[in-house]
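The structure appears below as structure tokens.
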2 protein chains.
Amino acid sequence: MSLGKNTDGGAGRPAPGRVEDVRRGNLVRILASLAEPRTDPDVRPTRADLASRTGLTKASVSSLVAELVDAGLVAESGAARDGERGRPGVGLELSTCRGVVGMEINVDYISAGLLDLGGTLRIHRTLESGNRGKSPQSVMALLAGLVADVAAEASAAGIEILGGGLAVPGLVDTGSGTVSSAPNLKWHGVVLELHGLLPGAPQGTLLHNEANCAALAELWYGHGVDFQDYLFVSGEVGVGGGLVIGSRLFAGPRGQAGEVGHVVVDPSGPDCSCGGRGCLETFAGQEAIFAEAGIPDGTASARLEQLTALLEAGNAAAISAVSRAGHYLGIAAASTARLMDLSAVVLGGHFTRMGPWIAPAVVRSLADYAPGVVGPASVAISELGQSAALLGAAGSALRSVLAAPQGLRPGP
Amino acid sequence: MSLGKNTDGGAGRPAPGRVEDVRRGNLVRILASLAEPRTDPDVRPTRADLASRTGLTKASVSSLVAELVDAGLVAESGAARDGERGRPGVGLELSTCRGVVGMEINVDYISAGLLDLGGTLRIHRTLESGNRGKSPQSVMALLAGLVADVAAEASAAGIEILGGGLAVPGLVDTGSGTVSSAPNLKWHGVVLELHGLLPGAPQGTLLHNEANCAALAELWYGHGVDFQDYLFVSGEVGVGGGLVIGSRLFAGPRGQAGEVGHVVVDPSGPDCSCGGRGCLETFAGQEAIFAEAGIPDGTASARLEQLTALLEAGNAAAISAVSRAGHYLGIAAASTARLMDLSAVVLGGHFTRMGPWIAPAVVRSLADYAPGVVGPASVAISELGQSAALLGAAGSALRSVLAAPQGLRPGP
DNA sequence: TGCATATAGTTCAGATTGAAAACTAATTGA
DNA sequence: TCAATTAGTTTTCAATCTGAACTATATGCA
């Protein structure tokens, strides 16, 4: 799965044109089935399980699995004992000797991590770095170093890297690897040199929007078990967002959907940095909340600590500031829910720190402005920490590998 | 293509891949290729043309076309002369002896029409009928009569009916044929008896939302040539909407997306009939515009005539009322464009009558609230008349037949 | 008129693929 | 020890597309 522009929307027609295409489709089905979360992580599916799940015959599954094992994407993992009668099956799993790299460039730090095909985060490195206004070249050099460390460690662990994904806080064009606009980094129209990050990885590195990645991480590793359709709102310096519809990211025709921070919540509101007026970001962005709460200038993380402390101490100004942000957030969410037929909202980024104070305001506002559409139980706080975007970027690369297993030669 | 809920987004995991599926996919490709608009309507594609368009071999195309001709979906239409050397090919077209029925129930009228597979509207009947508050049974009985007339005429013309679509102004559940909520008809939770409308039609009748149908009609028969992604806003008694992304309808996870009439455009605005507050509909619905323009009570169409007359006479109150509606419409469109990465807006329904007065206000508002996102050239007025919803409902049924040609026995 | 050339469409052998059924393998339980 | 049961493999077969050879029908020039 790519995070790129989505244009198909539904009954797309990946219809096979040739007999050989059927096989690729079925290989992907097997991989998808193996990637599904297991109720008991110790019990792995057998060929017979896969046959009944996919509807293919045992004979076909045997042949398909043999090909995937040869390609190094799938591994047998000993007998899958079931205590029942009959010959025990052989457990199968996605290879833990292949993986993808997730990367993130944010305002205050960069990070990189390795996810194996089974979906386990095997390595995770973060480096504090004030990237605001720093040149893209220097930040990319730092990142390349961090990734090289991760790659070396992966190599030592016998894991081959197949591809990667990089999340940045801004509008991106995935196809060309361009950051069109990242106001918080002060990058505009920057073409990133993604090619050198993962030398030798057959699938290369794709560039993604940070909020979209976090929304996907939420889907795969967070509240995705509860909701198939939701608006993810990421509080960072600005307010980012991601739309998940039918357990898939809705990226829009040019890959720039989800900009909930620039939904107009009050037409007579203050001017916004985007050139518009009354955008959600002018009410729920960090600057707006800190100013309203009376928190003096400083680094973002220090100010956030102060805000949290004030909230916990029951400070009225802080609570009012956060409630106000929640109120407007609820308005934007109400509009989004009506427009896109969504039924849940997940709050992420710095909003997680304000969870107990902001969520009730969001719920109230939703009840006022879109009664009956998003109930209180459908406003959730993300439980993924700072690694959300990295997980999403890596997960996206992982699904991309599993959805297009062609061109992979046999490996370890 | 169905207008139902869209949830998969593309890489869905339908039925296991069998060798036979390849053929169905290729049959659909041939049909889709034949359904594409032709530059010169008199020049029909030949088998050789189809082979080069689809990438299939001539041999495969011959076999596939033979099957479609046997099924009565495709017809040969004489020699396709090209004046060039070589054996002339045989022109192919979608059969004009098969068709689908489009139907609409609206506040003031009902209508039904027949679209042949080639996309030509062959029959079109409208019946004035004040349906507001009338019982669903009696309206459906009227419609059934109108449809029977259309079916009789179709039969006389030798056209076999394969399926149909019914558009109603309200939230619907396509799967169960339920009108969940149609405030302007005063219908709520009504299950329509769709089965009896088209006896013998193999694909049956599907229920759709009127604004979504109009948005699709715009795509297939209107501004779809200019825009692949747009917000369609339909002014009726309320304000409906449809979202087209990548030349496909975005219907949302439960088929209820596009409710732009209930986007919040002013959090301190008036209460809305939906239970919310400050919705676009409270500023741009018919009642709001008529009240603001000082037009006395009366039938909707009479009041609309008065408004148009006042606008044409340069009446300040009328112009101001319409500008105000356009202002708020632009705000909702700005939010939608940012959220969903859209780049165009098409105005339909009664807004078409106000076109010259409302469009500039929408453009101004978009420039104020989402600068650089939707330019003046991307705000368009629909040129389809009252038949838009009917065309969309029929077109949807047509595409549904072409996308799932299985189960059709040979015909005339 | 006749023949070279060009294009359309058909026929047939060959390759790929999954389904179905028969078969082999490994385990439980009486 | 052996019947019952479940896992996985082998074999045969039908569906489908490709590619190449072939037939059909036109133009254009001598």
Side-chain angles (χ1 to χ4, degrees), chain A residues 13-30 33-34 43-70 74-93 405-406, chain B residues 13-30 33-34 43-70 74-93 405-406:
Chain A
R13 188 161 317 114
R18 283 189 274 260
V19 177
E20 296 94 50
D21 298 330
V22 174
R23 190 165 185 89
R24 192 167 50 186
N26 285 334
L27 288 169
V28 170
R29 273 192 188 88
I30 299 284
S33 192
L34 286 171
V43 176
R44 294 176 238 282
T46 65
R47 289 171 177 78
D49 292 334
L50 293 175
S52 73
R53 279 195 219 170
T54 60
L56 295 161
T57 60
K58 289 188 299 174
S60 302
V61 170
S62 268
S63 157
L64 291 161
V65 165
E67 186 169 339
L68 291 170
V69 169
D70 280 351
V74 170
E76 299 193 333
S77 60
R81 285 271 4 95
D82 53 312
E84 301 291 311
R85 275 192 173 194
R87 169 177 167 180
V90 178
L92 298 169
E93 63 181 347
Q406 82 293 12
Chain B
R13 184 162 321 115
R18 283 191 272 261
V19 178
E20 296 92 48
D21 299 331
V22 175
R23 191 164 185 90
R24 192 166 50 186
N26 286 334
L27 288 169
V28 170
R29 279 189 193 185
I30 298 285
S33 192
L34 286 171
V43 176
R44 294 176 237 284
T46 64
R47 289 171 177 78
D49 292 334
L50 293 175
S52 73
R53 280 195 219 172
T54 59
L56 295 161
T57 60
K58 289 188 299 174
S60 303
V61 171
S62 268
S63 157
L64 292 161
V65 166
E67 186 169 339
L68 291 171
V69 169
D70 279 352
V74 170
E76 300 192 332
S77 59
R81 286 271 4 94
D82 52 315
E84 301 291 312
R85 274 191 175 194
R87 170 177 166 180
V90 178
L92 298 169
E93 64 182 346
Q406 82 295 10

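Lettering follows sequence order; numbering is per chain, from 1.
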Could you list the donor-acceptor pairs under 3.5 angstrom formed between side-chain atoms of residues 53-60 of chain B and any protein atom two or more places apart in sequence or on another chain?
from	atom 1	to	atom 2	distance (Å)
R53(B)	NH1	S33(B)	O	2.9
R53(B)	NH1	S33(B)	OG	3.0
T54(B)	OG1	L50(B)	O	2.8
T54(B)	OG1	L56(B)	N	3.3
T57(B)	OG1	S60(B)	N	3.2
T57(B)	OG1	S60(B)	OG	3.0

*Carboxylate-amine/guanidinium proximity below 4.0 Å for R24(A) and E67(A)*: no
Produce the list of close N/O pairs, under 3.5 Å, pairing protein atoms with atoms of nucleotides 5-8 of chain C; give distances to one decimal.
from	atom 1	to	atom 2	distance (Å)
dT7(C)	O2	R87(B)	N	2.9
dA8(C)	O4'	R87(B)	O	3.1
dA8(C)	N3	R87(B)	NH1	2.9

Sort me out a list of protein N/O and nucleotides 15-18 of chain D N/O pairs below 3.5 Å, or just none if empty.
from	atom 1	to	atom 2	distance (Å)
dC17(D)	OP1	N26(B)	ND2	3.0
dC17(D)	OP2	R23(B)	NH1	2.7
dT18(D)	OP2	T57(B)	N	3.3
dT18(D)	OP2	T57(B)	OG1	3.3
dT18(D)	OP2	S60(B)	OG	2.7

*Can you tell if the side chain of V74(A) reaches within under 4.5 Å of the side chain of E93(A), non-hydrogen atoms only?*
no
_A side-chain contact here means heavy atoms from C-beta on lying under 4.5 Å apart; do E76(B) and R47(B) qualify?_
yes
_Side-chain donor/acceptor of N26(B) to backbone N/O of R23(B), under 3.5 Å_ =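 It does not hold such a pair.
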_Would you compute the distance between atom CG of L92(A) and atom CG of L68(A) and round it to the nearest 0.5 angstrom?_
9.5 Å
*asked:* Working note: D21(B) + V22(A), criterion side chain to side chain contact (heavy atoms under 4.5 Å, CB included); need CA distance, chi angles, decisive distance, verdict.
replied: CA-CA 8 Å; D21(B) 299 331; V22(A) 174; 5.7 Å; no
